[in-house]
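Working notes for the structure below.
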Amino acid sequence: GISDMSIERIIEQTLAKGGIVVFHLEENPDDPSLQDALFEQTSKMLDHLVKRYPEYRANILTITTSNYPPSEQIANASTLLTMSPPSHKQQFRWCKMMLEDTIKA
């Protein structure tokens, strides 16, 4: 894995060049207190970088994905997008179509 300091360094190098940062936290934990701890830690890191590069605040897009509901703190500070998987029937139709297209090719 990449250490926290490496992540901060990569983000800083990207911001220093005026690039776009997509900061994706995958699989937020189930426990709301752990979610809050992770959110607070990463927010502090991003806040520190924004102080150094305030003109690029809009260049940071933070995305958190999880199979669990967000803590109240995260829900209040974020725009939530709830997604559901396709139904089994839709998945079957898609798989069948992909198989048929592969056989035709």
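These values consider heavy atoms only, across backbone and side chains, with no hydrogens, waters or symmetry-generated copies.
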For this session: Output, in order, the C-alpha distance, side-chain angles, deciding distance and verdict of side-chain contact (heavy atoms from CB on, under 4.5 Å) for T64 and I74.
Result: CA-CA 10 Å; T64 303; I74 294 172; 5.7 Å; no

Exercise. Between the side chains of D36 and S71, is a donor N or O closer than 3.5 angstrom to an acceptor N or O?
Worked result: yes

Exercise. Roughly how far, to the nearest 0.5 Å, is CG of N59 from OG1 of T14?
Worked result: 10.0 Å

Exercise. How long is the gap from CZ on R57 to CG on L49, to the nearest 0.5 Å?
Worked result: 10.0 Å

For this session: Starting at OG of S33, measure out to CG of L38 and round the result to the nearest 0.5 Å.
Result: 11.5 Å

Problem set entry | Spatial distance of atom NZ (K17) from atom OH (Y56) [nearest 0.5 Å] | 12.0 Å

Exercise. Hey, is the main chain of P69 close enough, under 3.5 Å, to the side chain of Q35 for a donor-acceptor pair?
Worked result: yes

Problem set entry | L15/R52 under side-chain contact (heavy atoms from CB on, under 4.5 Å): CA gap, chis, key distance, verdict | CA-CA 9 Å; L15 288 178; R52 296 183 73 182; over 6 Å; no

For this session: Could you tell me whether H24 atom NE2 has more than 12 heavy atoms of other residues or ligands within 6.0 Å of it?
Result: yes

For this session: Test side-chain contact (heavy atoms from CB on, under 4.5 Å) on F23 and I7 and set out the steps.
Result: CA-CA 9 Å; F23 185 59; I7 292 170; 3.6 Å; yes

For this session: Kindly determine whether L61 and I20 satisfy side-chain contact (heavy atoms from CB on, under 4.5 Å), including the steps that lead there.
Result: CA-CA 8 Å; L61 175 65; I20 303 295; 5.6 Å; no

Using a 3.5 Å cut-off and no angle test, enumerate the donor-acceptor pairs between side-chain atoms of residues 91-105 and protein atoms at least two apart in sequence or in another chain.
from: Q91; atom 1: NE2; to: P86; atom 2: O; distance (Å): 2.8
from: T102; atom 1: OG1; to: M98; atom 2: O; distance (Å): 2.8

Exercise. Counting only N and O atoms by type, is there a donor-acceptor contact under 3.5 Å from the side chain of S78 to the main-chain atoms of A75?
Worked result: no

Problem set entry | ILVMFWY cluster, L25 and I11 together (side-chain gap under 4.5 Å) | yes

Seminar exercise, completed: Distance col, row Q73:CD vs E40:CD, nearest 0.5 angstrom, shows 4.5 Å

Exercise. Should we count CD of E72 as having more than 12 external heavy atoms under 6.0 Å?
Worked result: no

For this session: Indicate if V50 and V21 have the same hydrophobic cluster label, given that clusters are the connected sets of ILVMFWY residues with side-chain heavy-atom separations under 4.5 angstrom.
Result: yes

Problem set entry | Y68 backbone acceptor or donor facing N28 side chain under 3.5 Å | no

Seminar exercise, completed: Interatomic distance, CD@E55 vs OH@Y53, rounded to 0.5 Å, equals 8.5 Å

